[in-house]
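In the text below, chain A, chain B and the rest are named by the order of the sequence lines, each starting its count at 1.
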Amino acid sequence: MNDLTPPKSEQELLARAHAIAGLSLGALAEKFLLKVPKQQLYAKGWIGELLELQLVATAGSRPEPDFPHLGVELKTLPINQLGKPRESTFVCSINLNNSLNKTWETSTVWRKLRRVLWIPIEADPAIPLAERRVCPPLLWSPTAEQAMILQADWQELTDMICFGQLAQITAKLGRYLQIRPKAAHAKSLCWGSNEKGEPTLTLPRGFYLRTSFTHQILQQYYA
DNA sequence: AAGTGATCATAA
DNA sequence: TTATGATCACTT
């Protein structure tokens, strides 16, 4: 049986995550009387939510780390059979109105990335979802150099938003962090501002970590 | 095969 | 509509 209360320390959180390493998603789902979705297409966040249940994350859908009292963010990371991430990692949504007077230190990106519990998950399409296993966790903080690059990316992209250059933002920008759409569909709209500083309807966006960066994180632990 | 842009579910 | 959890699928 597992604890139903939030972990009281990083050590406890890490221990709980280690305890489920090797378990299949089917076995984990069974503990919560959940059915494994037949396809991920209509259950894209299912694995992440399953792990939140198991580890008793409490942030809900607030723009806070999953374990606010510990300042730790939880991220599942789909990996192929070579241990390489198969997808980019969503970090947080972006407020396109008043991203002004925000600093790196107080930004949601930094508050979520300063401490992350990464849980790699087998994600080879050849393995049925229920049989994919949870891999050993990594409790990570960016190195000084990584933090500098993340900050530079964040500053560059945030500046563009502040200067009304939303239209010129592409996923090609940013070394580790990039901005991509984060919406129900291409017709979802939210308020932003154009080059003249006028309110404009635009596609909601989010910050994402490139797979090359999360791969680097895995290497730094498994090297 | 990568990488970018599009999309799906759900809660408040 | 905004936030969370992400993966899908088309283009390059």
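For A/T76, no side-chain nitrogen or oxygen approaches OP1 or OP2 of C/dG5 to under 4.0 Å.
Nucleotides of DNA chain B that come within less than 4.0 Å of any heavy atom of chain A span, from the 5' end to the 3' end, B/dA2 to B/dA9.
In this structure, A/H69 contributes its side chain and A/P7 its backbone to a donor-acceptor pair below 3.5 Å. Although no hydrogens or angles enter the test, the distance criterion places a donor-acceptor pair under 3.5 Å between the side chain of A/T200 and the main chain of A/N194. Judged purely by atom type and a 3.5 angstrom limit, A/D153 uses its side chain to pair as donor or acceptor with the backbone of A/Y176. Side-chain atoms of A/K75 come within 3.5 Å of backbone atoms of A/F90 as a donor-acceptor pair (strictly under, hydrogens ignored).
Inter-residue side-chain proximity for A/Q54 and A/I20 is flagged as met; some heavy-atom pair is nearer than 4.5 Å. With contacts defined as side-chain heavy-atom distances shorter than 4.5 Å, the pair A/R16/A/V56 qualifies. The closest side-chain heavy-atom distance from A/P199 to A/S193 is not below 4.5 Å.
Comparing the end axes of the helix from B/dA1-C/dT12 to B/dA12-C/dT1, each fitted to five base pairs by superposing C1' atoms of four pairs onto the next four, gives an inter-axis angle of 30° (nearest 10 degrees).
Annotation: proximity of residues 169-187 of chain A to DNA chain C (heavy atom, distance under 4.0 Å) is found for A/R180, A/K182, numbered in ascending order. Of all the residues in residues 197-216 of chain A, A/Y208 reach under 4.0 Å from DNA chain C with at least one non-hydrogen atom. Residues of residues 35-52 of chain A that place a heavy atom closer than 4.0 Å to DNA chain C, in numerical order, are A/Q40, A/L41, A/K44, A/G45, A/G48, A/E52.
Rounded to whole Å, the distance from CG on A/L25 to C1' on C/dT7 is 14 Å. One can place CD1 of A/I121 at 12 Å from C1' of C/dA6, the figure rounded to the nearest angstrom. Counting to the nearest Å, the P atom of C/dA6 and the CG atom of A/L74 are 7 Å from each other. For the pair A/R132 CZ and C/dT7 C1', the computed distance is 11 Å after rounding to whole Å.
Side-chain contact annotation: A/Q81 with A/E122, donor-acceptor N/O pair under 3.5 Å absent. Counting only N and O atoms by type, the side chains of A/R180 and A/S88 include a donor and acceptor under 3.5 Å apart. For A/E156 and A/Q151, the side-chain atoms include no donor-acceptor pair closer than 3.5 Å. A donor atom on one side chain and an acceptor atom on the other are not found under 3.5 Å apart for A/R133 and A/S24. For the residue pair A/K172 / A/Q178, no side-chain donor-acceptor distance below 3.5 Å is found, with atom types taken as modelled. One side chain, A/T106 or A/T103, offers a donor N or O that lies under 3.5 Å from an acceptor on the other.
Using a 4.0 Å cut-off between a side-chain N of Lys or Arg and a carboxylate O of Asp or Glu, A/R111 and A/E64 qualify as a salt bridge.
Nearer to the 5' terminus of DNA chain C, by closest-nucleotide assignment, is the contact made by A/S93 (compared with the other of A/S93 and A/P78). Each of A/W191 and A/F90 lies near DNA chain C, and the nucleotide nearest A/W191 is the one positioned closer to the 5' end.
Sorted by first then second residue, the ring-ring contact (aromatic ring centres under 6.0 Å, His included) pairs that include residues 18-41 of chain A, not counting sequence neighbours, number zero.
Note on A/R86: nothing from the nucleic acid sits closer than 4.0 angstrom, heavy atoms only. Residue contacts for A/E64: at a heavy-atom cut-off of 4.0 Å it reaches no nucleic acid atom on any strand shown.
Between A/I119 atom CD1 and A/I79 atom CD1 the span is 12.0 Å, to the nearest 0.5 Å.
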